Every structure is written in structure tokens, then in C-alpha cells.
> 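Can you read through this structure? Questions will come right after.
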Amino acid sequence: MHKIAIIPGDGTGPEVTAEAVKVLKVAAAKFDFKVELTEFDFGGERYKRTGELLPDSAVEELRTFDAILLGAIGHPDVAPGILEKGILLKARLALDQYINLRPVKLFPGVETPIKGKGPNDIDFVVVRENTGDAYTGTGGVTMKGTPQEVAVQTAVYNRFQVDRCLRYAFNYARKYGKKAQGKSNKNTLALCGKTNVLTYIYDLWERAFHEMGQKEFPDIAREYYHVDATCMWFVKNPEWFDVIVTGNMFGDIITDLGAMIQGGMGIAAGGNLNPEGVSMFEPIGGSAPKYTGQGVINPLAAICAMQMMLVTLGEEKAAAAVEDSVMFTTANKLKSLAAGRMGYSTSAVGDLVAARIA
Ligand code: IPM
Ligand code: MN
């Protein structure tokens, strides 16, 4: 029995979450496990009605679940930052979900904007640190509104945060890297940083990376890329990458680029993981207000997020079946992954994926 908290959230979040739940139920029936689903209404509407974001009591309640499935957070009537900080970032930090795992995998039949590249070339994973960097809220403003205004927002990392993220990434590379998948003769972990300018933070990351790699993971090949060069190679030679580890801010940025080369926000999924606690899974795309309620948004990213949740819950067979069904659907059914151009409605796509699993 898995106890799952469902937070559909804002905009198209509820529509895509409903399809992920549909597929989850079919997978549970097929692979013989039970799920107990509890829905929470955190998001922009509740905030507008009650002023409440994610209260501390809700965080405590969420701790009692085995996993959380999130649709989208973001509302056109609410100023940017309020819901993101008050709900999404609060959950990530309060539940200490220190890894943001974001696979970049081009599924068969999916169009990539990178000319000449296919599923064999675009198949890597970004391990984004998810608690530190410029996301800690360290900073402030003085003389606000005057011509002398000063704003400071500090990127912060400590050795503990860096080490636990690196250890997760090395272990991930060992278990799921290209050698482990039979696709290469080595498993590779690349550190993405900016050691030429961020000479404190990425010096810390780089030293920790090589120390840990030498001592504990001599079997994992190590590479280093500056973040700007990483963007360049994502486009020019995505096949070079296997597992990439990086800080929170660079991870945020390069995974939007990653999402585009894997076919867009319709398919990109991620997991906010606390390997020792409660993890939260979400499509990377936002709440897409302009498509809300039309039944045209692509639910595959939410379904893929649910698939990652199944892996974390130990339902590996069900997870493999869901991935297989999504791949079949992209290869044989959908015309495009873009909202309104799939050739199917949101719920019809959910039906297609569910039908092949049942
Ligand atoms: C993401 C988003 C969030 C982030 C925002 C909404 C706070 O861009 O999940 O990548 O920056 O982490
Ligand atoms: Mn982002």
C-alpha cells in the first residue's frame, strides 16, 4: 500500500494530474499494489480565497505520505514569486528534497529541434541540487526605491549539501548510467559549474567532486563542463552526456534547455527527492493558464512524473510498463507533443497510455 498525496494545483495542473492518476490506478491494478490517494487544494485559488499558501501543519501532514504528486503551481492573478516561494520552494526545502532529478530523454517519434539527433543521442539525466545556491533567500535590499538602491542575493553552499548531492549523483551514475544500461563501456558523471568565475562555490564543488570520486567511486568516469559550455554541448553534442550534477540555479536553467531538446514541456518530468524522506514529483512545465480547461494540454509530463514516483516507491515493473506505454504512444499515436496539436485530447492521451498497460 502506498499513501500518495496529490496536489493538482493551478491552471492545467488538475487536468494533467487527473491523467497521471488514471494511469497510476491502472498500473496499480495490473501490477498488484494498492494506492491510497489524498488530494490537497494548495495553489493560487486557495491562496486568493484564504491567504494560505502551504501552512506548516500541511508540511507536517505531507511528511506522513510515501510520495507527493504535484500538477503545477502558478496563477495569473497572483504576483510572481508568492506561490512559487510559498508552496513549491517551501515544500522542497521543508521536506529537505535535496535532489531534483530531471531526465532528458528523447522518446521515439518525438520531434527535437536539434537537427540530425535522435533518441540514441538525447538520453541523459541532470541531478540538480535542490536546497542551496541562490534559492536559500540569503540577501536583502537597502535604499529601496532610491537611485542608490542596493540588492544582494547570495548563492550559498556548504560542504554537507554538496557532498550529499554528489554522493547521490555518483550512486545514480553507477546504478543507471550508460554502462549500467548497456549503452556504453563506462558510467560517467559530469560536473556542470563555473569554476572560472564562481571561484568559491564551484571550487568547493569541484574539489568535493574529485575527492569523492577518487575515494569512493573510482569506477565512475568524471568530466567537468562550465555551465555556458554545457548549454552549447546540449545543442551540438548531446550524446556526450550521461549523468550531470550541478547546483540549484544552473540546474534550473539547463533543464529548461534539456526539456526543449527532448521535445518540450509536454514531456519533461522531474522528481524532488529526499532519498531518506518524502519525495515530490512534478511535470517541469508550469500551469499554462492560456490552455486551462480546454482539454488540449499534454499530460505525458505528468504521467512521466508519476512514472518516476513509481521507481521511488519500488514499483519498478509498473514504472517500466508506464515508460514503455508512453514510448509506444509517442512513437505511434501522437502527432505532436505541443498543446492543441497532439491529435488527441488530454484525457484521450491518458486513455491511450492506460490502455496499453491494462
Ligand atoms: C522549476 C521552476 C522553479 C524553480 C520555480 C517555479 C520556483 O522553474 O521547478 O524549475 O526555479 O525551481
Ligand atoms: Mn525551472
Side-chain angles (χ1 to χ4, degrees), residues 7-13 16-17 20 42-47 53-54 59 67-105 124-139 153-157 161 165 192 227 230-231 234 244-274 278-290 292 297 300-302 304-306 308-309:
I7 307 177
D10 301 317
T12 51
V16 296
T17 306
F42 302 113
E45 288 301 325
R46 177 175 171 138
Y47 173 70
L53 291 159
L54 183 69
V59 172
I68 304 165
L69 187 62
L70 177 81
I73 295 293
H75 196 295
D77 301 347
V78 181
I82 295 178
L83 301 170
E84 292 86 342
K85 272 193 180 170
I87 301 177
L88 187 63
L89 297 181
K90 179 161 180 184
R92 287 177 184 173
L93 286 183
L95 298 170
D96 203 19
Q97 294 164 338
Y98 60 89
I99 299 295
N100 197 327
L101 190 66
R102 297 188 157 181
V104 177
K105 185 166 171 171
F124 59 88
V125 174
V126 177
V127 177
R128 167 186 175 189
E129 201 289 331
N130 212 29
T131 63
D133 214 335
Y135 282 74
T136 59
T138 305
Q153 198 118 25
T154 308
V156 180
Y157 266 116
Q161 286 171 307
C165 178
C192 163
V227 62
T230 305
C231 293
F234 270 18
I244 301 169
V245 63
T246 189
N248 205 347
M249 182 58 91
F250 293 164
D252 176 45
I253 297 166
I254 67 172
T255 55
D256 266 26
L257 179 55
M260 285 304 119
I261 69 172
Q262 76 178 120
M265 287 304 180
I267 191 82
N272 302 278
L273 311 183
N274 177 339
V278 185
S279 300
M280 178 170 77
F281 299 84
E282 54 175 337
I284 295 184
S287 55
K290 77 172 184 188
T292 301
I297 195 79
L300 288 181
C304 289
M306 185 279 292
M308 294 178 73
M309 178 176 83

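Note that ligands are numbered from 1 as they come in the structure, with each ligand's atoms numbered from 1 the same way. None of these values were measured; they are calculated from a predicted model.
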> Kindly write out the residues that satisfy salt bridge (charged side-chain N to carboxylate O under 4.0 Å, His left out) with Arg92, not counting sequence neighbours, or none if the list is empty.
Glu282
> Taking Ser287's backbone N and O only, do any of them form a donor-acceptor pair with Asp10's side chain (distance below 3.5 Å, no angle check)?
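Side chain of Asp10 to backbone of Ser287, a donor-acceptor pair under 3.5 Å: no, none is there.
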> Heavy-atom contact check, 4.0 Å cutoff: does Asp252 meet ligand 1?
yes
> Assess Arg92 for proximity to ligand 1: is some non-hydrogen atom of it under 4.0 Å away?
yes
> Which residue pairs pass the side-chain hydrogen bond (donor to acceptor under 3.5 Å, both in side chains) test with at least one member in residues 76-85, sequence neighbours excluded?
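Passing the test, one end in residues 76-85: Lys48-Asp77.
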> Would you say the side-chain atoms of Asn130 pair up with the backbone N or O of Gln97, donor to acceptor, closer than 3.5 Å?
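Present.
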> Does at least one non-hydrogen atom of Met249 fall below 4.0 angstrom from an atom of ligand 1?
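For ligand 1, residue contact (heavy atoms, under 4.0 Å) with Met249 is absent.
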> What I want to know is whether Glu84 and ligand 1 share at least one N or O pair that is separated by under 3.5 angstrom.
no
> Are Thr138 and Gln153 packed together at the side-chain level, in the sense that at least one heavy-atom pair is separated by less than 4.5 angstrom?
no
> Only counting residues at least two apart or in another chain, list the ones meeting salt bridge (charged side-chain N to carboxylate O under 4.0 Å, His left out) with Asp133.
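Checked Asp133 against salt bridge (charged side-chain N to carboxylate O under 4.0 Å, His left out); zero matches.
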> Between Asn274 and Asp96, is there a side-chain donor-acceptor contact under 3.5 Å, judged purely by atom types and distance?
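Note: Asp96 and Asn274 side chains miss the donor-acceptor criterion.
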> Near the Mn ion (ligand 2), which protein N/O/S atoms are found at less than 2.8 Å?
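Protein N, O or S atoms closer than 2.8 Å to the Mn ion (ligand 2): Asp252 OD1.
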> So do Met265 and Met260 actually touch side chain to side chain, heavy atoms under 4.5 Å?
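Yes; the side chains approach each other to less than 4.5 Å.
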> So, regarding Tyr135 and ligand 1 (criterion: nitrogen or oxygen to nitrogen or oxygen, under 3.5 Å), is there a contact or not?
yes
> N/O to N/O below 3.5 Å, does that happen between Glu282 and ligand 1?
no
> I want to check something: taking the side chain as every heavy atom from C-beta on, are Arg102 and Ile254 in contact at a cut-off of under 4.5 Å?
no
> Atom 1 (C) of ligand 1: which protein heavy atom is closest, and how many Å away?
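Residue, atom and distance for the closest contact: Arg102 NH2, 3.4 Å.
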